[in-house]
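None of these values were measured; they are calculated from a predicted model. In what follows, every chain begins at residue 1, and chains take the letters A, B, ... in the order their sequences are listed.
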Amino acid sequence: MEYNFREIEQKWQQQWKDSNAYKVSNESPKPKYYVLDMFPYPSGAGLHVGHPLGYIASDIYSRYKRLKGFNVLHPMGFDSFGLPAEQYALETGQHPAVTTEKNIETFKAQLDKIGFCYDWSREVRTSDPSYYKWTQKIFLDLFNSYFCHIQQKARPIADLIEKYKTQGNKNFTAAQWNAYSKAEQEAILMNRRLAFSSFGEVNWCEALGTVLANDEVVNGVSERGGHPVVKKKMRQWYLRITAYADRLLQGLETVQFSEPMKEMQRNWIGRSEGAEMQFAVGSGQLAINVYTTRPDTIFGVDFLVLAPEHTLVNQITTDSEKEKIEEYLTYVKSRSDRERMSEVKQITGCFTGAYATNPFNGKPIPVWIAEYVLAGYGTGAIMAVPCGDQRDFAFAKHFSIPITNIIGEHYNGEDANPTKEATLQNSDFLNGMLMKDAIAVAINKIEELGIGKRKVNYRMRDAGFSRQRYWGEPFPIVWQDETAIALAETDLPLELPYAEKYGPGPEGEGPLANMTDWVNFTPNPSPKERELQEPSEDKSEDLQTWGYMNSSYEEWRKTFEFAKQNRKNLTEAEDKIWQLVRNRNINDNKFRRQHPIAGFIPDFVCLERKLIVEIDGGYHDNEEQIVYDKARENWLKEFGFDIIRFTNEQVLNDINYVKKTIAERLEELAENAKSAQAPLPRRGGGEVSLRRETSTMPGYAGSSWYFLRYMDPTNTETFCVRKASDYWNQVDVYVGGTEHAVGHLLYSRMWTKVLYDLGYIGFEEPFKKLVNQGMIQGSSRFVYKLAWNLLVGDDVDSKKLINIFISKNFADKVNDGDLEAIKFLKEKAKEVLVKMNLSMDIFEISLYKTRVDVNFVNGNELDINQFREWRNNENYSAEFIYESDSKFLCEAEVEKMSKSKYNTVNPDELCNKYGADTFRMYEMFLGPVEQSKPWDTKGIEGVHRFLKKLWRLFFADISAVPSPVERGRGEAKWVDEKPTDAEYKILHKTIKKIEQDTENFSYNTAVAAFMISVNELADAKCYKKEILSAVLILLSPYAPHIAEELWHALGNEGSILDATYPTLEEKYLVEATKEYPVSINGKMRSAINLPTEATEEEAKQAVLSNEVILKWLEGKELKKFIFVKGRMINVVI
RNA sequence: GCCCCGGUGGUGAAAUUGGUAGACACGCAGGACUUAAAAUCCUGUUUACAGCAAUGUAAGUAACGGUUCAACUCCGUUCCGGGGCACCA
């Protein structure tokens, strides 16, 4: 029997699928374990070998934990909103929803091929309305919350409003607050909301009419097209992540992230302590507020620098400098933040003509602007101390600004010295103090003088949360002039409207702005909006305002609350009716669902025909409900509404009857004069102009909370029921790349903290442990093609490629100017010339480097035949110049893996060729999970050989059996005998190593351990069932298919997925002796065998009687004898 | 520029975290089986020098310097590669 991996893998994948082997329950007596991968963006290029690296690692861990007796949650989903799909839509006109769906199908098929143990019933897709409904809902929670500085947590904004109403705050009294207009109040509240709107700068490209990402801007122009890009202020949404800065820092102490990862987050948050202080400018009406972490250097301030965007720039610039400043501002506008910070060689800046005054010694200080000061950090203004700060120093030198030395000999005039250890000089009251001690003294003085205060500052800025794009979550926000109004939760999901065109909207708005029907929206007067509007004393106005209400506000409120309490989520029957009537399905009559009328919320209503359709759920049997229903019916009838009631059973059993009834009644009503149209909800453009928010949420919105949705993926009442999140709790192991170190990980940590504060979940950190997988880079291959310049008459023709390819080493010679090689190629080229019947001469030959598909290359050797056939036989008739050993070699370079570089390797092909088990183990064998490395397929044979060798422990190798008769029988090799101690030792050594390595995610060494183990078992000719079964269990997380197959071949019951992990028994591993390496002066010279329990004295005696050592000791004196028990011996002479 | 990571044979890498540098593989070379190929198995494989050989000596973990009985591992400086730097995901 042969190792037929294709058959085996297909069989078990099907079987696992059919038996729901990977389905996980939220209820189990076992302890829980949550293993999560960072979900992929389903790109059009499909899965490449880089994706599975982390997935395989987490899959192995999940399977391992399952064997160890845990109830393991291991889900997968798709981060399916994003720019590439939109870009693709722009180019091809295909709707992102369509391409995304297609890509996801491809991804899933590819993932399944590798045999992952995902519970697909829990799949999430961020672009699915049933998912982003909850992203929007959480956004509303953020919008409706503020950060309470006293409790250091998020609280409902209603609490703050209540406080303002009754107590006011330090800026206004309660009476003042209450007198503010709605818009004024909202503007104030906006300063506290966790999701808030404000103006911010974006990269604006006029020519493309769109906003660009930083990496789409290169040297001040757009990457595509090279059009100029400038900064533009736009209304943007933000998340107030800075409010959580301290808690995000503290939280790092409670999680198991790698130290560098924590360091990166700390640096990103960039907490610093210092002081903010004012420098009066000119005659003293204006003051520049600077932030500094080094107030001790205040007497070394030689100039101030403002960010070019600083609001004071215009006001302080003197007339004589106006022109230069304007010029400089134009220049800066074209520069990205990154460029501004990175180019250190190029020092730019401009003097404003203004002078500020040093508040301590009255010294006038010139005020400059320069691009190296960023508006977004601190106050956007710095005090420059050239003797202590390198950038200030370079600036001072460049513009010949005199430098004050306050640190004496610590400053050498050549470089700045940022020390805190120097003793201050030229520093008035700080003279003689150590700088680090002077910091506090200076701050105290600043506060005492009232010119500033102690201040904690963060480098981190509030997170920009809007994108001028189409393919993202729409904001559940409408604008009434400058006031943002949140939609009601009942209006969610606010679905992304279908787009025909994806181009940018006017004024840099997103594509949604082009959909005027959608943008100028009809306010379904939601209860939420009603709540926002205070009722007036004048009841007649109420009538107008509320449209359908003729009772008092209080009465409306009461009935509304009751209705709200009784409102249920869509039942099956309701859904059936909704599908029946929606979209003007019945004779073009528009129905609305749960549209409030006079405080009541009927199930379905057609306002144009004044027809209400109700379903009687079980709760209608309730006595109180019956009374309520009656009252409601009477009331609504008074308004001229007609009501049809169906029972649940009617709807579920006879939908045709329901349809017929509704259709008939509608027809009757159409003829009936009395059923004049009910007032429709107000439209925009009238008295109240409402406009939807047209930007969408960024990619990280959906990914900030997806780990919660997996716990309770189909819940329609809430994003994740508390019971589920309490059970699964934190993600125990989160696997993903370092490229998300600061973005995604910080955002999801913040969201988790907010949800915790608001009481939705019971834990504050989403990820208990983080494992970083390295990046698999592409290893691109290049070939050299010959090119010539011909002489046409006396002129040199332009360079043309000819169909001759040159192997790498030969090409290197040519490039190094090897005359022989060049001559050889010239001859070759002449032959071609002759063949082409050209009478011209060759002026010059050269080599042209071009990409080849890495899949045609084994190591560096090109498969000529595949290459010839590539791209429609493009190189079919090409000639090849080989190496001396008749191989054709390619040049290699490491780059990012990408389709356009022809360096992607598709896992499907490898799975087809070698099987998923081989592929899984090979990816792990490649190196440590967390290490980045270029992909290389060439070692995969070795792993495949290992699995075949494993197979031969179970079945005889038929190729070794000469006669067909013998092949037919006796293939199985295993025996049911008691293993020897030596065999147990092999097993338990393996158990120990595999368990350790699996726990530590050291999978490359685990694979090596399996190889060693199988080699040893083969050498020992051990075919004992007991040993083999245990090895299979150990192996099953790594190579599940072959393990399951052989597990059953051995006759074991049940799936190996649920087998019991073998227990390590140390007794088999005990050694009687240990071979100690003996070094002399740290260099290994010999080895001696000692009993494991040997003491230092015994060791010394043994060493001193060792021949080799004695030879080394000859004539020398033993200075020291070092004995590390169980490790080594070192003799110092 | 700033923050983080990495650099070990021809190649991917290993090294119990300061204790025998190169496990396990790939590749290569030689051999066995075979008419042959594939498959499989065996032997060798850091470099230099010496030796028929077992082996020995020296050097060696990007470069230089330091700490230590002992450094791939810790510290300092430099070089090179990768990731991130807020609208790629």
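In this structure, A14(B) forms no base pair with any nucleotide, since neither Watson-Crick nor G-U wobble geometry is met with both distances under 3.5 Å. Within the shown strands, nothing qualifies as a pairing partner of A89(B) under the Watson-Crick or G-U definition with both distances less than 3.5 Å. Remark: G76(B) base-pairs with C64(B); criterion is Watson-Crick or G-U wobble with both hydrogen-bond distances under 3.5 Å. Using N1 to N3 plus N6-O4 or O6-N4 for Watson-Crick, or N1-O2 and O6-N3 for G-U wobble, each under 3.5 Å, U20(B) pairs with nothing. Of the nucleotides present, A29(B) is the one that pairs with U43(B) by Watson-Crick or G-U wobble criteria, both distances under 3.5 Å. Pairing for A50(B) is with U55(B), a Watson-Crick or G-U wobble pair whose two hydrogen-bonding atom distances lie under 3.5 Å. Summarising the base pairing, A37(B) is matched to no nucleotide, lacking a Watson-Crick or G-U wobble pair whose two defining distances lie under 3.5 Å.
One atom, OH of Y700(A), and another, P of C85(B), lie 13 Å apart when rounded to the nearest Å. At whole-Å resolution of the value, CD in E259(A) and C1' in U17(B) are 16 Å apart. Rounded to whole angstrom, the span from the CD atom of E263(A) across to the P atom of G84(B) amounts to 19 Å. Going from atom CD of Q777(A) over to atom C1' of G83(B) covers 9 Å, rounded to whole Å. Residue D997(A) contributes atom CG, which lies 8 Å from atom P of A15(B) at whole-angstrom precision.
Here the separation of C24(B) from G30(B), taken at their P atoms, is 23 Å to the nearest Å. Distance noted for atom P between A23(B) and G12(B): 15 Å (whole Å). Only the P atoms considered, G56(B) is 14 Å distant from G22(B), to the nearest whole Å. For A89(B) and C79(B), the C1' atoms lie 33 Å apart once the distance is rounded to whole Å. C2(B) and A58(B) are spaced 44 Å apart, taking the P atom of each and rounding to whole Å. Comparing the C1' positions of G7(B) and C72(B) gives an interatomic distance of 11 Å, to the nearest angstrom. Spacing of P atoms, G6(B) relative to U57(B), comes out at 35 Å, to the nearest Å. Rounded to whole Å, the P atom of G81(B) lies 14 Å from the corresponding atom of U8(B).
Under 4.0 angstrom from either OP1 or OP2 of U16(B) there lies no side-chain N or O belonging to N1000(A). Put simply, R1085(A) has a side-chain N or O that comes within less than 4.0 Å of OP1 or OP2 on A58(B). Within the structure, a side-chain polar atom (N or O) of R945(A) is placed less than 4.0 Å from OP1 or OP2 of C26(B). Listed pair R1127(A) / G19(B) fails the phosphate criterion, with no side-chain N or O lying under 4.0 Å from OP1 or OP2.
Between Y238(A) and F465(A), the ring center distance fails the sub-6.0 Å criterion.
Using a 4.0 Å heavy-atom distance criterion, L926(A) is classed as a sugar-phosphate-only contact. Among the protein residues, P40(A) comes within range of no part of the nucleic acid, since none of its heavy atoms lies under 4.0 Å from any strand. Counting non-hydrogen atoms under 4.0 angstrom, N203(A) reaches nothing in the nucleic acid. Residue M460(A) is classed as a base contact, given a heavy-atom separation below 4.0 Å to a base. At a threshold of 4.0 angstrom between heavy atoms, the contacts of V1124(A) include nucleobase atoms, whether or not backbone atoms are also involved. If you check every strand for non-hydrogen atoms under 4.0 Å, I940(A) touches nothing. Within the 4.0 angstrom heavy-atom criterion, no nucleotide atom of any strand lies near S703(A). Contact annotation for E930(A): no contact, since no heavy-atom pair falls under 4.0 Å across all strands. Within the 4.0 angstrom heavy-atom criterion, no nucleotide atom of any strand lies near E923(A). G743(A) comes within 4.0 angstrom of no nucleic acid atom, judged by non-hydrogen atoms across all strands. Contacts of R266(A) with the nucleic acid, taken as non-hydrogen atoms under 4.0 Å apart, are absent. Nucleic acid contact class of N1004(A) (heavy atoms, under 4.0 Å, all strands): sugar-phosphate only. Residue-level contact check: K948(A) touches the backbone only, with heavy atoms under 4.0 Å from sugar-phosphate atoms and none from bases. In this structure, W237(A) reaches neither bases nor backbone, as no heavy-atom distance under 4.0 Å exists between it and the strands shown.
For G9(B), the base is syn relative to its sugar; the glycosidic angle is within 90° of 0. Taking the O4'-C1'-N9-C4 or O4'-C1'-N1-C2 dihedral as appropriate, U55(B) has a value more than 90° from 0 and is therefore anti.
When distances are taken from the side chain of N1015(A) to each of A25(B), U20(B), C87(B), the shortest belongs to A25(B). Out of C41(B), C87(B), A25(B), the shortest distance to the side chain of R469(A) is found at C87(B). Closest to the side chain of H740(A), from the set C24(B), C87(B), A89(B), is A89(B). Looking at the side chain of A213(A), the nearest of the listed nucleotides C87(B), G12(B), G19(B) is C87(B). You'll find that the side chain of K938(A) is closest to U11(B), out of G82(B), A23(B), U11(B). Of the candidates C42(B), C69(B), G83(B), the closest approach to any side-chain atom of D1019(A) belongs to C42(B). Out of U11(B), A70(B), G12(B), the shortest distance to the side chain of N1130(A) is found at A70(B). For P1077(A), the side-chain atoms get nearest to U20(B) when compared with the rest of G83(B), A23(B), U20(B).
A salt bridge links R266(A) to E259(A): one of the charged nitrogens lies within less than 4.0 Å of a carboxylate oxygen. Ion pair E309(A)/K231(A) not flagged as a salt bridge, since none of the NZ, NE, NH1 or NH2 atoms sits closer than 4.0 Å to an Asp/Glu carboxylate oxygen.
Taking the six-membered ring for Trp and thresholds of 30 and 60 degrees, F395(A) and Y372(A) have ring planes inclined between 30 and 60 degrees apart. Ring geometry for H744(A) versus Y706(A): interplanar angle of 30 to 60°, hence tilted. Between F1001(A) and Y1003(A), the ring planes lie tilted relative to each other; the angle falls in the 30° to 60° range. Between F78(A) and F107(A), the ring-plane angle classifies as perpendicular under the 30° and 60° cut-offs. The aromatic rings of Y55(A) and H51(A) sit parallel to each other, their planes meeting at less than 30°, with 60° as the upper class boundary.
Side-chain atoms of N267(A) stay outside donor-acceptor range of the base of C3(B), with no qualifying N/O pair under 3.5 Å. Checked by distance alone, Q931(A) brings no side-chain donor or acceptor within 3.5 Å of a matching partner on the base of C5(B).
Applying the salt bridge (Lys or Arg N to Asp or Glu O under 4.0 Å) test to residues at least two apart or on different chains, the pairs with a partner in residues 1119-1133 of chain A are E1093(A)-K1125(A).
Between N1081(A) and W268(A), the residue anchored nearer the 5' end of RNA chain B, judged by the nucleotide with its closest heavy atom, is N1081(A). Annotation: of the two residues near RNA chain B, Y41(A) and E941(A), the 5′-most nearest-nucleotide partner is E941(A).
A donor-acceptor contact under 3.5 angstrom links the side chains of S695(A) and E693(A), judged on distance only.
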